Amino acid sequence: MVRLPAVAGRFYPSDPAELSAQITEYISSASGLTVRNVKSCLAPHAGLMFSGHVAGAVFSSIRIPKKVVILGVRHRPPGSPAAIISDGAWRTPLGDAEIDHELARKLKAACPLLTEDPVAHSKEHSLEIEIPFLQVLNPDFQFVPIVLGTAHFETLVTVGEAIGGVLAAEKDVLLVTSSDLNHYEDDATTRVKDRKAIEQLLSMDARGLYDVCRKEEISMCGLGPAVAMLTALQVLKTSNAELIRYATSADRSGDPSAVVGYAGMVFG
């Protein structure tokens with residue numbers, strides 16, 4: 001099965017040369033950052049014109065290994081609350097990114113909550129927007145796509161513990177978590193709210209992040225994937241977190257009235 005692009009021409013250019021040039025620009029603009037090996041990263045998934053410079057900074061600061069798990073949010077129904085695809089490839093204008101079917105099967109065996117569900121992935125952009133960066137930085141990478149449509153804390157912990165257990169037994173796998181931060185409030189409010197979420201991410205506190213987003217009404221769309229990621233990192237005994245770049249859409253659009261926040265972070 002080949003999963004076809006859902007947001008090419010809207011979230012990023014559909015022309016291969018234009019897309020490659022844009023990704024290269026975002027990566028090059030972050031030159032000077034130290035490239036390191038990490039266990040995981042957090043990257044935004046808005047249109048490249050708004051968040052590409054943040055994603056470029058985080059991806060250009062890490063080594064992209066052969067094996068990647070991309071964990072995103074299922075923004076809209078229909079679909080499973082924890083959906084995986086185990087075979088085939090995802091197509092972007094830059095070519096086909098192959099699914100690592102062996103790693104996918106190990107994750108499904110470790111976590112029965114993960115359901116084989118291409119429908120949940122068919123129109124979802126949270127994973128798709130990350131793939132061109134990986135294709136440019138390591139054209140040979142293979143990945144496992146997972147989207148979460150649940151906000152139930154215990155379920156997210158179960159998924160995260162399973163992912164952590166599988167990755168602990170594997171060699172050199174990067175966990176990419178896809179999330180934007182607060183949505184559609186004014187720039188000043190968004191920056192205050194985002195800082196509270198980022199503090200919990202830097203503390204690597206899954207429960208703290210979940211609770212502060214609920215208490216402070218921080219509309220972090222990838223809260224579920226981030227909770228699962230932080231839980232996985234606890235299993236992996238990862239203790240280092242770093243904010244690489246933060247911005248809001250106002251930095252690009254110039255409109256501070258209704259913005260979205262973006263963070264690029266690395267862990268481990």
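All figures in this text were calculated on a predicted structure; none of them were measured in a lab.
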Within-4.5 Å side-chain heavy-atom neighbours: [X] and [Y]:
X: Leu243; Y: Leu201; answer: no
X: Asn240; Y: Met204; answer: no
X: Val166; Y: Leu103; answer: yes
X: Gln200; Y: Ile198; answer: no
X: Ser20; Y: Leu94; answer: yes
X: Asp87; Y: Ile99; answer: no
X: Phe11; Y: Leu48; answer: no
X: Ser179; Y: Leu42; answer: yes

Considering all heavy atoms, the nearest [X]-[Y] contact:
X: Lys108; Y: Ser86; answer: CD-OG, 3.1 Å
X: Leu137; Y: Ser60; answer: CD1-N, 4.3 Å
X: Ala8; Y: Pro5; answer: CB-CB, 3.9 Å
X: Leu181; Y: Ala263; answer: CD1-CB, 3.7 Å
X: Val259; Y: Ala250; answer: CG1-CB, 3.7 Å
X: Ile129; Y: Ala46; answer: CG1-O, 3.5 Å

With sequence neighbours left out, which residue pairs that include part of residues 74-124 fulfil the ring pair (Phe, Tyr, Trp, His ring centres under 6.0 Å) condition?
-> His45-His75, His75-His125, Trp90-His121, Trp90-Phe143

Quick one: ring pair (Phe, Tyr, Trp, His ring centres under 6.0 Å) pairs with a partner in residues 190-212, sequence neighbours left out?
-> Phe153-Tyr210

Between Phe59 and Ile64, does a side-chain contact (heavy atoms from CB on, under 4.5 Å) hold up when you go through it step by step?
-> CA-CA 8 Å; Phe59 284 121; Ile64 308 299; 4.2 Å; yes

Show me the donor-acceptor pairs, under 3.5 Å and distance only, between side chains in residues 66-73 and residues at least two apart or in other chains.
| unit_1 | atom_1 | unit_2 | atom_2 | d |
| --- | --- | --- | --- | --- |
| Lys66 | NZ | Asp140 | O | 2.9 |
| Lys67 | NZ | Asp100 | OD2 | 2.7 |

Just checking, any donor-acceptor pair under 3.5 angstrom between side chains of [X] and [Y]?
X: Glu128; Y: Tyr12; result: yes
X: Asp186; Y: Thr189; result: yes
X: Ser219; Y: Asn182; result: yes
X: Asp117; Y: Thr115; result: no

What's the spacing between [X] [atom1] and [Y] [atom2] if we round to 0.5 Å?
X: Glu130; Y: Gln135; atom1: CD; atom2: CD; answer: 12.0 Å
X: Ser80; Y: Ile146; atom1: OG; atom2: CD1; answer: 11.0 Å
X: Arg207; Y: Asp211; atom1: CZ; atom2: CG; answer: 4.5 Å
X: Arg36; Y: Ser61; atom1: CZ; atom2: OG; answer: 5.0 Å
X: Ser249; Y: Asp255; atom1: OG; atom2: CG; answer: 7.5 Å

ILVMFWY network linking [X] to [Y], side-chain heavy atoms under 4.5 angstrom:
X: Val136; Y: Tyr26; result: yes
X: Leu127; Y: Ile163; result: no
X: Val176; Y: Phe133; result: yes
X: Val58; Y: Leu134; result: yes
X: Leu167; Y: Val157; result: yes

What residues, two or more places apart in sequence or in another chain, satisfy side-chain contact (heavy atoms from CB on, under 4.5 Å) together with Ala151?
-> Arg214

Sequence-distant partners of Val192, side-chain contact (heavy atoms from CB on, under 4.5 Å), two or more places apart = Lys196

Could you tell me which residues satisfy salt bridge (charged side-chain N to carboxylate O under 4.0 Å, His left out) with Asp96, sequence neighbours excluded, listed by chain and number?
-> Arg91

Salt-bridge test for Glu124 and Arg76: reply yes if a basic N is under 4.0 Å from a carboxylate O, no otherwise.
-> no

Looking at Asp251 and Arg245, does any basic side-chain N land under 4.0 Å from a carboxylate oxygen?
-> no

Remaining members of Val2's ILVMFWY cluster at a side-chain heavy-atom cut-off under 4.5 Å?
-> Leu4

By the rule that ILVMFWY residues connect when side-chain heavy atoms come within less than 4.5 angstrom, directly or transitively, which residues belong alongside Phe50?
-> Met49, Val54, Tyr184, Val260, Tyr262

Among residues two or more places apart or on two chains, list those pairs meeting salt bridge (charged side-chain N to carboxylate O under 4.0 Å, His left out) that have a residue in residues 47-63.
-> Arg63-Asp172

Would you sort out whether Leu107 and Val144 count as a side-chain contact (heavy atoms from CB on, under 4.5 Å), showing the intermediate values?
-> CA-CA 9 Å; Leu107 288 164; Val144 179; 3.9 Å; yes

Decide yes or no on side-chain contact (heavy atoms from CB on, under 4.5 Å) for Ile84 and Glu116, but give the supporting numbers first.
-> CA-CA 5 Å; Ile84 189 171; Glu116 196 75 25; 4.0 Å; yes

With distance as the sole test, does Gln22 use its side chain to make a donor-acceptor pair with the main-chain N or O of Pro13 at under 3.5 Å?
-> no

Any donor and acceptor pair, going by atom type alone, linking the side chain of Arg10 with main-chain N or O of Ala6 inside 3.5 Å?
-> yes

Pairs under 3.5 angstrom only: tabulate donor-acceptor contacts from the side chains of residues 228-238 to other protein residues two or more places apart or in another chain.
| unit_1 | atom_1 | unit_2 | atom_2 | d |
| --- | --- | --- | --- | --- |
| Thr231 | OG1 | Val227 | O | 2.8 |

Using side-chain hydrogen bond (donor to acceptor under 3.5 Å, both in side chains) as the criterion, point out the one residue from Glu217, Glu185, Glu216, His183 that pairs with Lys193.
-> Glu185

Check step by step if side-chain contact (heavy atoms from CB on, under 4.5 Å) holds for Ile244 and Met265.
-> CA-CA 5 Å; Ile244 300 297; Met265 303 185 67; 5.9 Å; no

Side chain to side chain donor-acceptor pair (under 3.5 Å) with Asp194: which residues, sequence neighbours excluded?
-> Tyr246

Identify, with sequence neighbours excluded, every residue that meets side chain to side chain donor-acceptor pair (under 3.5 Å) alongside Asn138.
-> none

